[in-house]
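Data block below; observations after.
Along the sequence shown, the residues carry numbers beginning at 1. Just the heavy atoms: all of them, side chains too, but no hydrogens, waters or symmetry mates, feed the values below.
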Amino acid sequence: MLSLAGGSIPSTAAKCTIQRGFRVRSVAGFPSFLPKEVEKIKDPFARKLAARIERLPVSFGENCVMSSCVKPLVQSNTSPVVLLHGFDSSCLEWRYTYPLLEEAGLETWAVDILGWGFSDLERLPSCNVASKRDHFFQLWKSYIKKPMILVGPSLGAAVAIDFAVSHPEAVERLVLIDASVYTEGTGDLASMPKMLAYAGVYLLKSLPLRFYVNFLCFSGISLSTSLDWTNVGRLHCLFPWWEDATVDFMMSGGYNVSAQIEQVKQKTLIIWGEDDQIISSKLGVRLHCELPNAVIRQITDCGHLPHVEKPSSVAKMIVELVQQDQYKKVQCLSQF
């Protein structure tokens, strides 16, 4: 196990008015700001991680957002591991892998990207790419403060690449999981009438569509498990501001990072599910070729979300990456 050192994490940020009571818990032990439907979720791992979600004040530009994340219980002397999530998702994606990383002694954060997850967006800021990047940078600058191992699954990989190129001082290593990095933004959705955009977003949070996405992502799970995972995946959609934030992102053009890939300087681990039905593994090979300093690892019998389907494999790869870096640092120090 990696050695750990206790430490405090700041709970305020400049320009933010602290709202009393944002850590209040419900009778069931969940944060009071979560939609009440969280109490219907059966998955014990999802319930346990949901109970740890907090809101931290983050100032960026003229905005201040009470921003949702799961903070580490301890601080480590190794680089913090910061987990992003995919398109229109939340930190609950990491319900199975997060505890494994903590058990291995890693300082682990799970962060909700601005516009998704469980942040308070009652006063809605812009949720375009620039705002998402700036918000995440200010969260890192205020709370994480150290160069991190940034982990991005699916569209979260595009978020990670955009961030690593814009703020290389904040990112020590990248881990990209079944990366969605070759899509040219939101395409025609950016120019559609706003009324149609809202209609499409309404469909996006529907139970049938979310259930179908689960069918594409996973195989061999029971109907009851699929329904429960659907409820986990759409929980953040129940906030009243979710539709406005998602439409704003769609109409802003979204992520288009293909031209940034060759600018990535950080060493990168690419993880790919062999049976991904969402994004072809050929794009994983292409990404490996285009990234200047990358290795690729494939997980057999696994689909688009390895950190959900094969959490032990993903956790092992991330832990090994951290341990390799730590070993190299020790070797360098021993030479002096």
Side-chain angles (χ1 to χ4, degrees), residues 9-13 16 22-23 31 33-34 46 49-60 63-76 79-99 101-102 106-121 125 127 129-164 166-167 170-177 232-233 235-236 239 242 245 249 255 305 307-308 314-315 318:
I9 299 173
S11 59
T12 60
C16 285
F22 66 84
R23 291 184 180 180
F33 57 76
L34 292 184
L49 196 61
R52 288 183 56 184
I53 297 173
E54 297 185 30
R55 281 177 171 172
L56 303 177
V58 175
S59 292
F60 64 108
N63 299 293
C64 176
V65 172
M66 298 302 295
S67 306
S68 49
C69 66
V70 178
K71 297 193 307 184
L73 295 175
V74 291
Q75 288 183 298
S76 170
S79 300
V81 175
V82 179
L83 309 171
L84 302 176
H85 55 74
F87 170 73
D88 188 29
S89 186
S90 76
C91 57
L92 292 181
E93 266 190 30
W94 292 98
R95 56 192 179 273
Y96 302 129
T97 303
Y98 188 100
L101 296 173
E102 273 199 333
L106 302 186
E107 178 183 332
T108 308
W109 294 74
V111 175
D112 282 337
I113 299 165
L114 180 70
W116 300 313
F118 304 103
S119 299
D120 183 359
L121 301 183
C127 292
V129 169
S131 293
K132 291 179 189 295
R133 181 195 313 123
D134 189 21
H135 170 265
F136 182 38
F137 177 70
Q138 295 303 326
L139 187 150
W140 172 82
K141 186 177 179 181
S142 298
Y143 300 100
I144 302 172
K145 296 184 177 181
K146 296 183 292 185
M148 56 188 165
I149 296 174
L150 185 57
V151 185
S154 194
L155 188 68
V159 179
I161 287 175
D162 173 77
F163 188 84
S166 300
H167 298 289
V171 182
E172 184 174 291
R173 296 282 187 272
L174 283 174
V175 180
L176 308 178
I177 303 175
V232 172
L235 184 65
H236 66 285
F239 282 123
W242 171 82
F249 171 73
Y255 282 91
L305 300 175
H307 51 300
V308 178
V314 172
I318 294 175

Would you check if the side chain of Trp140 reaches a backbone N or O of His135 as a donor-acceptor pair within less than 3.5 Å? no
Going by ring-ring contact (aromatic ring centres under 6.0 Å, His included), name the residues that satisfy it together with Trp116, two or more places apart in sequence or in a different chain. Phe87, Phe249
Side chain to side chain contact (heavy atoms under 4.5 Å, CB included) for Ser131 and Leu114? Distances and angles first, verdict last. CA-CA 8 Å; Ser131 293; Leu114 180 70; 4.0 Å; yes
Polar side-chain atom of Glu107 near backbone of Ser76 as donor-acceptor pair, under 3.5 Å: yes
I'd like to know whether Phe33 forms a side chain to side chain contact (heavy atoms under 4.5 Å, CB included) with Ile53, so could you lay out the CA-CA distance, the side-chain angles of the two residues, the decisive distance to 0.1 Å, and finally the verdict. CA-CA 10 Å; Phe33 57 76; Ile53 297 173; 3.9 Å; yes
Shortest non-hydrogen separation from Cys127 to Lys132 and the atoms involved: O-CE, 3.1 Å
Side chain to side chain, Tyr143 and Lys71, heavy atoms closer than 4.5 Å: no
List the steps, then state whether side chain to side chain contact (heavy atoms under 4.5 Å, CB included) holds for Ser142 with Val58. CA-CA 8 Å; Ser142 298; Val58 175; 5.7 Å; no
When rounded to the nearest 0.5 Å, the distance separating CG of Asp134 from OG of Ser59 is 10.5 Å
Are Val81 and Val175 packed together at the side-chain level, in the sense that at least one heavy-atom pair is separated by less than 4.5 angstrom? no
NZ (Lys146) and CD (Gln75) are apart, to the nearest 0.5 Å, by 5.5 Å
Identify the heavy atoms of Leu139 and Ser67 that sit nearest to each other, and give their distance. CD1-CB, 4.2 Å
Would you say the side-chain atoms of Asp120 pair up with the backbone N or O of Met66, donor to acceptor, closer than 3.5 Å? no
Side-chain contact, heavy-atom cut-off 4.5 Å: Ile161 with Leu176? yes
How about Asp88 and His236: do any of their side-chain heavy atoms sit closer than 4.5 Å? yes
In terms of heavy-atom contacts, Pro57 and Cys64 come closest through CB-SG, 4.5 Å
Counting distance only, does the side-chain N/O of Glu93 pair as donor-acceptor with the main-chain N or O of Gly86 below 3.5 Å? yes
Specify the closest pair of heavy atoms between Leu73 and Glu102, including all atoms of both residues, with the distance to one decimal. N-OE2, 3.5 Å
Main chain of Phe118, side chain of Arg55: is a donor-acceptor contact present, judged purely on distance under 3.5 Å? yes
Quick one: side chains of residues 147-155, donor-acceptor pairs under 3.5 Å with protein atoms, not counting sequence neighbours, listed by atom name and distance.
residue, atom, partner, partner atom, Å
Ser154, OG, His304, NE2, 2.9

Are Leu84 and Phe163 packed together at the side-chain level, in the sense that at least one heavy-atom pair is separated by less than 4.5 angstrom? no
Any non-hydrogen side-chain atom of Ile113 less than 4.5 Å from a side-chain atom of Phe136? no
Between the main-chain N or O of Cys91 and the side-chain N or O of Asp112, is there a donor-acceptor pair closer than 3.5 Å? yes
Taking the six-membered ring where the residue is Trp, are the ring centres of Trp94 and His307 under 6.0 Å apart? yes
Give a yes or no on whether the backbone of Leu92 and the side-chain of Arg95 come within a donor-acceptor separation of less than 3.5 Å. yes
Atom pair CD1 (Ile318) and OG1 (Thr97), whose distance is rounded to the nearest 0.5 Å: 7.0 Å
Closest heavy-atom pair and its distance - Tyr96, Val308: CD1-O, 3.4 Å
For Val65 and Pro125, the nearest pair of non-hydrogen atoms, with its separation, is CG2-CG, 4.1 Å
Do Ser119 side-chain atoms and Leu121 backbone N/O form a donor-acceptor pair below 3.5 Å? no
